[in-house]
A.B. asks: 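Let me give you the structure first, and then I'll get to my questions.
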Amino acid sequence: MQRQRGLSVISVLFIMLILGAGFLLAGKVLPVYNEYAEVRKAVTAMAGETGKGETELRREFMNHAMVGDISSIKPENLTIITTANTVFVRAAYRREVPLFANVSLAFDFDTQAGQTPQ
């Protein structure tokens, strides 16, 4: 009599459950980090724009937000400090992603670009 080899039905279901949970988590987390990458790109671009006022920079961020699908932070939540030849921009925000029922993931992001104010 030969000995049987392989996985049992319960172990296959357990592996599928773990893989499904991993894919669910990745599907919820990846868009959050894609949005953060867009925020960083917008903040870096704004820091290179010397000679513009604060309202112009906020309007520029709003344009970046529409194109880059940024919804977690609004232009009025940015910290913008402009001088004659430098611009400092900081975006600090929190994003909560619901997983299921009353379980959520919370992400705290903080990015800045430009010359820090003295």
A.B. asks: Side chains of Leu13 and Val9: closer than 4.5 Å at any heavy-atom pair?
C.D. replies: yes

A.B. asks: For the NZ atom of Lys41 and the OG1 atom of Thr111, what is their distance to the nearest 0.5 Å?
C.D. replies: 13.5 Å

A.B. asks: Under a 4.5 Å cut-off applied to non-hydrogen side-chain atoms, are Val39 and Tyr93 in contact?
C.D. replies: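 Of all side-chain heavy-atom pairs linking Tyr93 with Val39, at least one is under 4.5 Å.
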
A.B. asks: List the steps and the verdict of salt bridge (charged side-chain N to carboxylate O under 4.0 Å, His left out) for Arg94 and Glu96.
C.D. replies: CA-CA 7 Å; Arg94 181 180 186 93; Glu96 291 188 18; 3.5 Å; yes

A.B. asks: Counting only heavy atoms not in Ile10, do more than 12 fall under 6.0 Å of its CD1?
C.D. replies: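 At most 12 heavy atoms, drawn from other residues, nucleotides or ligands, come within 6.0 Å of this atom.
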
A.B. asks: Does this structure show an ion pair linking Arg40 with Glu38, if we count only N-O contacts that are shorter than 4.0 Å?
C.D. replies: no

A.B. asks: Minimum heavy-atom separation for Ala91 to Val43, with atom names?
C.D. replies: CB-CG2, 4.0 Å

A.B. asks: To the nearest 0.5 Å, how far apart are OG1 in Thr55 and CD in Glu60?
C.D. replies: 11.5 Å

A.B. asks: Only one of Leu99, Leu30, Val97 passes side-chain contact (heavy atoms from CB on, under 4.5 Å) with Leu25; say which it is.
C.D. replies: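 The residue from Leu99, Leu30, Val97 that satisfies side-chain contact (heavy atoms from CB on, under 4.5 Å) with Leu25 turns out to be Leu99.
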
A.B. asks: Looking at side-chain heavy atoms only, is the closest gap between Arg90 and Phe88 below 4.5 Å?
C.D. replies: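 Arg90 reaches Phe88 side chain to side chain.
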
A.B. asks: In Å and rounded to the nearest 0.5 Å, what is the CZ to CD1 distance from Arg95 to Ile73?
C.D. replies: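 So the CZ of Arg95 and the CD1 of Ile73 are separated by 12.0 Å.
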
A.B. asks: So, for Pro98 and Ser104, which heavy atoms are closest and what is the spacing to 0.1 Å?
C.D. replies: CA-OG, 3.6 Å

A.B. asks: Should Leu19 and Leu17 be regarded as members of a common hydrophobic cluster, given that ILVMFWY residues are connected when their side-chain heavy atoms come within less than 4.5 Å of each other, either directly or indirectly?
C.D. replies: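 Looking at the clustering, Leu17 is in a separate group from Leu19.
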
A.B. asks: Counting heavy atoms not belonging to Met66, are there more than 12 under 6.0 Å from its CE?
C.D. replies: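 Yes.
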
A.B. asks: Ignoring hydrogens, what is the shortest heavy-atom contact between Ala92 and Asp110? Give both atom names and the distance.
C.D. replies: CB-OD1, 3.8 Å

A.B. asks: Begin from the C-alpha positions of Phe107 and Tyr33 and carry the test ring pair (Phe, Tyr, Trp, His ring centres under 6.0 Å) through to its verdict.
C.D. replies: CA-CA 9 Å; Phe107 299 90; Tyr33 279 101; 5.7 Å; yes

A.B. asks: Minimum heavy-atom separation for Ala26 and Pro31, please, with both atom names.
C.D. replies: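 So the two residues come closest at O-CD, 4.3 Å.
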
A.B. asks: Check whether any side-chain heavy atom of Glu56 sits under 4.5 Å from a side-chain heavy atom of Glu49, and report yes or no.
C.D. replies: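 Counting from C-beta outward, Glu56 and Glu49 never come under 4.5 Å.
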
A.B. asks: On a heavy-atom basis, which atom in Ser72 and which in Glu35 lie closest, and how many Å separate them?
C.D. replies: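 The pair with the smallest heavy-atom distance is OG-OE1, 2.7 Å.
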
A.B. asks: Hey, could you give me the CD1/CG distance between Ile70 and Asn34, rounded to the nearest 0.5 Å?
C.D. replies: 11.5 Å

A.B. asks: In Å and rounded to the nearest 0.5 Å, what is the CD1 to CD distance from Ile81 to Gln115?
C.D. replies: 11.5 Å

A.B. asks: Sequence neighbours left out, what pairs pass ring-ring contact (aromatic ring centres under 6.0 Å, His included) with at least one residue falling in residues 35-86?
C.D. replies: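 Only Tyr36-Phe109 qualify under ring-ring contact (aromatic ring centres under 6.0 Å, His included).
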
A.B. asks: With clusters defined by side-chain heavy atoms of hydrophobic residues (ILVMFWY) lying less than 4.5 Å apart, directly or transitively, does Leu105 cluster with Val32?
C.D. replies: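 The answer is yes; both residues are in one hydrophobic cluster.
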
A.B. asks: Would you say Leu78 and Met46 make side-chain contact, with heavy atoms under 4.5 Å?
C.D. replies: yes

